[in-house]
Every structure is written in structure tokens, then in C-alpha cells.
Amino acid sequence: MTSGLWELVVEGIWTTVQLLVLSALLATAVSFVVGIARTHRLWIVRFLAGLYTEVFRGTSALVMIFWVFFVLPVAFGWQLVPLWAGTLALGLTYGAYGSEIVRGALSAVDPAQQEGGVALSFTPWQRTRLILLPQAVPEMIPPFCNLLIELLKGTALVSVMGMGDLTFSANLVRLALQQSAEIYTYVLLIYFAIAFTLTRLMRGLEKRLKAGIGKGPVSSESKPGRNLGVGGGVA
């Protein structure tokens, strides 16, 4: 492969990473806003948040990309560049899935914690910010990690807009070299490398957050029975 073709692939990787980061930030913001709204005491807030979740979970991400890129200019008279169109479509779609993760984690917190906040005269927002979220966020990390990997794979959909992401760039290289097997094998390995890196980072974040609320792994020195003799007495 010539240097020019390698540069095309590198540019595609950079575009994919940019799209992943931007859409992940948007999806995270949407996840928390909608997820918290799903637990709101007002039924109208819960209804609107649930409606958003059902609409975006029930539509295809590919069709949403088409809609944002081709329909919005007709309806509103302004055109988004492919990067921002992809960010908006993917962020809103995957944010709907993430909102269910947030709602489920918040609902899983021991109700006694909520009651303790009421006893301390905390407002609903204070109870959510100071009591529920610190305990729920570490439990959100594993499912959010899975969702992030799915989002990474979903970035390949933006190639339908002619956006020069990794998939689009690799296809151009394939057409130039007529080497489908080699090129697509490289693409698979690149996606795997990015996904593996994200997984390790998310696991590190999970351990750090759990350690912050006293749920870190138990050290070998503190395990029960560590200093016990054969007969069960203290050695």
C-alpha cells in the first residue's frame, strides 16, 4: 500500500475517533437528562421522556442519519456538515438506549437511601445529585461500556453520507488496490483495537468510581481467614 493510501486510512481513523467522541458526549448528556426525567415525580415529565426513548429506540440509526442529513435541510432550510449530522443522529439514538441504563441504575439504589435524604430535608435534586448518582454511576459503567462499543460500530453508518470515516476510506483503498480480503481484515483489526482500548479505559474508570464509594476489590490482606490457623484460631 502506498503512502498516499495509508494517509487516507489514517484520516479515516481520525474522523471515526472524532465522531465517536462527539456522539458519545452527546449520548451521555442525553442519557442522564432523559434517564433522570424518567424518574421525575411529575407524570408529564416521565411521559415526555418515555416518549423520546421509545421513538428513538424504535427507529433505525441508519434512517435517522438519512433524515438528519437529507430531510432537515428541506424542512428547516439549513444543511449540517456530515460530521455534525452523524453526531446528532448517533448521539440522539444511542442516548435513548443510555437513558434506560441511567433509569435502571437509579431505580436500583436502595430506597432507604432515598428515605434518608428525605429525612435530611434534601430537595429532589439534592437527593439525586448527592445520594443516588454517586451510588448509581459506578453500576452504569459496564452497560455504558457495551453501549460505547455499539456506538463505535455504529459510526460506520455515516459512510452513506460520503463522510470519510474509516469504513469509507477503507472502501476507497479497496477499490484502488482490488484487495478486499486484506483491506477489510485490516479494518476489522483497527476497530477491534479501538474497542479493546475503550474497554480497558472503561474498566479502569469503573474500578476508580467503585473505590470512591467503598466498593473496590477486597485486598488479600483483608480477606476473612487470611490469618487463621488450621483449627480456626488466630495464628
Side-chain angles (χ1 to χ4, degrees), residues 1-33 56 59-73 78-98 101 140-208:
M1 190 185 299
T2 64
S3 60
L5 294 178
W6 274 116
E7 290 177 2
L8 185 62
V9 172
V10 171
E11 290 176 1
I13 295 173
W14 174 237
T15 300
T16 293
V17 171
Q18 283 183 292
L19 178 62
L20 175 64
V21 171
L22 292 173
S23 55
L25 291 175
L26 177 59
T28 301
V30 170
S31 296
F32 277 92
V33 171
F56 279 88
T59 54
S60 166
L62 179 60
V63 176
M64 186 60 63
I65 290 174
F66 280 133
W67 195 88
V68 170
F69 191 66
F70 294 109
V71 178
L72 278 183
W78 44 269
Q79 176 74 61
L80 288 173
V81 298
L83 177 63
W84 294 114
T87 297
L88 183 61
L90 294 175
L92 293 177
T93 299
Y94 284 88
Y97 291 98
I101 296 174
M140 300 177 194
I141 301 301
F144 264 135
C145 180
N146 290 334
L147 190 62
L148 184 59
I149 301 304
E150 289 298 321
L151 176 57
L152 169 63
K153 293 184 285 186
T155 58
L157 298 174
V158 300
S159 60
V160 299
M161 297 185 293
M163 183 176 173
D165 71 314
L166 175 58
T167 301
F168 185 83
S169 300
N171 191 50
L172 294 181
V173 174
R174 180 190 66 83
L175 293 174
L177 299 179
Q178 295 297 311
Q179 296 176 354
S180 299
E182 294 86 347
I183 297 303
Y184 285 132
T185 299
Y186 290 147
V187 172
L188 285 175
L189 292 175
I190 292 171
Y191 274 113
F192 172 77
I194 298 174
F196 182 79
T197 302
L198 292 174
T199 300
R200 302 309 301 178
L201 291 174
M202 293 294 281
R203 285 181 180 175
L205 177 61
E206 179 187 4
K207 291 179 180 179
R208 184 170 183 177

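Nothing here was measured: the structure is a model prediction, and the numbers come from that model.
Considering CE of M140 and CD1 of I101, their distance stands at 9.0 Å, rounded to 0.5 Å. Note that the CD1 atom of I194 and the CG atom of L189 stand 11.5 Å from one another [nearest 0.5 Å]. Expressed to the nearest 0.5 Å, how far CG of L201 lies from CD1 of I141 amounts to 11.5 Å. Going from atom CG of L198 over to atom CZ of F144 covers 14.5 Å, rounded to the nearest 0.5 Å.
Residues meeting the side-chain contact (heavy atoms from CB on, under 4.5 Å) test with V10, sequence neighbours left out: none. Here Q18 pairs with W14 under the side chain to side chain donor-acceptor pair (under 3.5 Å) rule; sequence neighbours left out. Evaluation of the side-chain contact (heavy atoms from CB on, under 4.5 Å) rule for Y97 yields R57, T93, L147 as partners, not counting sequence neighbours. For F56, the ring-ring contact (aromatic ring centres under 6.0 Å, His included) test picks out Y52, with sequence neighbours left out. By the side-chain contact (heavy atoms from CB on, under 4.5 Å) test, A85 pairs with V68, F69, L80, M161, sequence neighbours left out. Every residue two or more places apart in sequence or in another chain was checked for a salt bridge (Lys or Arg N to Asp or Glu O under 4.0 Å) with E11, and none qualifies. Residues forming a side-chain contact (heavy atoms from CB on, under 4.5 Å) with V21 (at least two apart in sequence, or on another chain): V17, L25.
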query = What's the verdict on side-chain contact (heavy atoms from CB on, under 4.5 Å) for L151 and S23, showing C-alpha distance, side-chain angles and the deciding distance?
reply = CA-CA 8 Å; L151 176 57; S23 55; 3.7 Å; yes
query = side-chain contact (heavy atoms from CB on, under 4.5 Å) between L20 and L148: does it pass, once the steps are laid out?
reply = CA-CA 8 Å; L20 175 64; L148 184 59; 4.0 Å; yes
request  = Evaluate the side-chain contact (heavy atoms from CB on, under 4.5 Å) criterion for residues F66 and V71: first the C-alpha distance (whole Å), next the side-chain angles of each, then the deciding distance (0.1 Å), finally the verdict.
outcome  = CA-CA 7 Å; F66 280 133; V71 178; over 6 Å; no
message = Using side-chain contact (heavy atoms from CB on, under 4.5 Å), reason through T199 and C145 one step at a time and then give a plain yes or no.
response = CA-CA 6 Å; T199 300; C145 180; 4.1 Å; yes
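Among residues at least two apart or in separate chains, there is no salt bridge (charged side-chain N to carboxylate O under 4.0 Å, His left out) pair with a member in residues 184-200. Applying the salt bridge (charged side-chain N to carboxylate O under 4.0 Å, His left out) test to every pair with at least one member in residues 141-164, sequence neighbours left out, gives these pairs: E150-K153. For residues 157-173, every residue pair satisfying the side chain to side chain donor-acceptor pair (under 3.5 Å) rule, not counting sequence neighbours, is listed here: T167-Y191, N171-R174, N171-Y184.
Summarising the geometry of V187 relative to A170, their closest heavy-atom pair is CG2-CB, 3.2 Å, with the distance given to 0.1 Å. When every heavy atom of L26 is checked against every heavy atom of L92, the shortest pair comes out as CD2-N, 4.2 Å. Taking both residues in full, the closest heavy atoms of I149 and A195 are given as CD1-O, 3.6 Å, listed atom of the first, atom of the second, then distance. Across every non-hydrogen atom of I65 and A89, the tightest pair is CG1-CB, 3.6 Å. The shortest heavy-atom contact between L157 and A61 is CD1-CB, 3.9 Å. Nearest approach of Q79 to P73, heavy atoms of both residues: OE1-CG, 3.1 Å.
The residue from L90, T15, T87 that alone fulfils the side chain to side chain contact (heavy atoms under 4.5 Å, CB included) condition with T155 is L90.
A 4.5 Å side-chain heavy-atom check between L22 and W84 finds at least one atom pair inside the cut-off.
Judged by distance alone, the side chain of T16 and the main-chain N or O of L166 form a donor-acceptor pair under 3.5 Å.
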